[in-house]
Amino acid sequence: MKMPVVNQCQAEACAYNRERVCHALAITVGDAPGQAHCDTFFTASAKGGDPGTVGRVGACKVADCRHNTQFECRAPGIEIGYVSDRADCVTYAPA
């Protein structure tokens, strides 16, 4: 199984974001009620991750997403954007 790539990330304040590209080796999408938050998002004074790597989805805890199978994302790729001022997986689609 290939982990889906994070095609674009609008969360520019994230420590893993450089020029709207995620550089975390793997992100986790969380399961806040009604939303698919990027649990990996955090701010820091320095940038992190591997600048030569594009982030991927390592785990997805959003069981009601149509792309979720056994807590693994099966979408070919995802996008992270802002929903109510929080970094969310905007690829989320209810099952």
Side-chain angles (χ1 to χ4, degrees):
M1 177 180 144
K2 284 186 160 185
M3 292 190 303
V5 68
V6 179
N7 291 320
Q8 185 178 49
C9 179
Q10 300 294 324
E12 294 180 90
C14 181
Y16 290 109
N17 188 313
R18 288 184 185 90
E19 299 177 10
R20 296 187 177 189
V21 177
C22 178
H23 294 285
L25 294 177
I27 69 164
T28 297
V29 177
D31 59 348
Q35 295 182 344
H37 295 308
C38 178
D39 282 354
T40 308
F41 173 88
F42 77 101
T43 59
S45 59
K47 291 293 184 178
D50 178 356
T53 299
V54 174
R56 297 193 175 264
V57 181
C60 179
K61 300 184 284 184
V62 185
D64 71 340
C65 180
R66 70 180 171 106
H67 301 293
N68 189 315
T69 302
Q70 298 175 315
F71 302 108
E72 301 292 341
C73 181
R74 300 290 188 175
I78 70 160
E79 292 189 19
I80 300 294
Y82 284 103
V83 176
S84 301
D85 297 327
R86 296 190 65 160
D88 277 18
C89 174
V90 294
T91 307
Y92 164 78

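Residues: numbered from 1 along the sequence shown.
Side chain of Asn68 to main chain of Cys60: a donor-acceptor pair is present (N/O by atom type, distance under 3.5 Å, no hydrogens or angles). In this structure, Arg74 contributes its side chain and Thr69 its backbone to no donor-acceptor pair below 3.5 Å. Although no hydrogens or angles enter the test, the distance criterion places no donor-acceptor pair under 3.5 Å between the side chain of Thr28 and the main chain of Thr40.
Summarising the geometry of His23 relative to Gly48, their closest heavy-atom pair is CB-O, 4.3 Å, with the distance given to 0.1 Å. Here the closest heavy-atom approach between residue Ala36 and residue Tyr92 is recorded as CB-CB, 3.9 Å. Of all the heavy atoms in His67 and Ala93, the pair that sits closest is NE2-CB, 4.3 Å. Here the closest non-hydrogen pair linking Ala13 and Phe41 is C-CE1, 4.2 Å. When all heavy atoms of Gly58 and Glu72 are compared, the pair lying nearest together is O-OE1, 3.4 Å. Lys47 approaches Glu12 most closely through the heavy-atom pair NZ-O, 3.3 Å.
Taking hydrophobic clusters as Ile, Leu, Val, Met, Phe, Trp and Tyr residues chained together by side-chain heavy-atom distances below 4.5 Å, Val90 does not share a cluster with Val6.
Taking the centre of each ring, Phe42 and Tyr16 come in below the 6.0 Å mark.
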Given the rule in the side chain to side chain contact (heavy atoms under 4.5 Å, CB included) test, do Asn7 and Thr91 qualify, once you have shown the distances and angles that lead to the verdict? CA-CA 10 Å; Asn7 291 320; Thr91 307; over 6 Å; no
Step by step, would you call Ile80 with Ile27 a side chain to side chain contact (heavy atoms under 4.5 Å, CB included)? CA-CA 11 Å; Ile80 300 294; Ile27 69 164; 4.0 Å; yes
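With rounding to the nearest 0.5 angstrom, the OG1 atom of Thr43 is 12.5 Å from the CG atom of Asn17.
Residue-environment remark: CD (Glu19) stays at or below the threshold of 12 foreign heavy atoms within 6.0 Å.
Lys61 meets the side-chain hydrogen bond (donor to acceptor under 3.5 Å, both in side chains) test with Asp39; sequence neighbours excluded.
Remark: of the listed residues Cys65, Cys89, Cys38, Cys73, Cys89 is the sole one forming a side chain to side chain contact (heavy atoms under 4.5 Å, CB included) with Val29.
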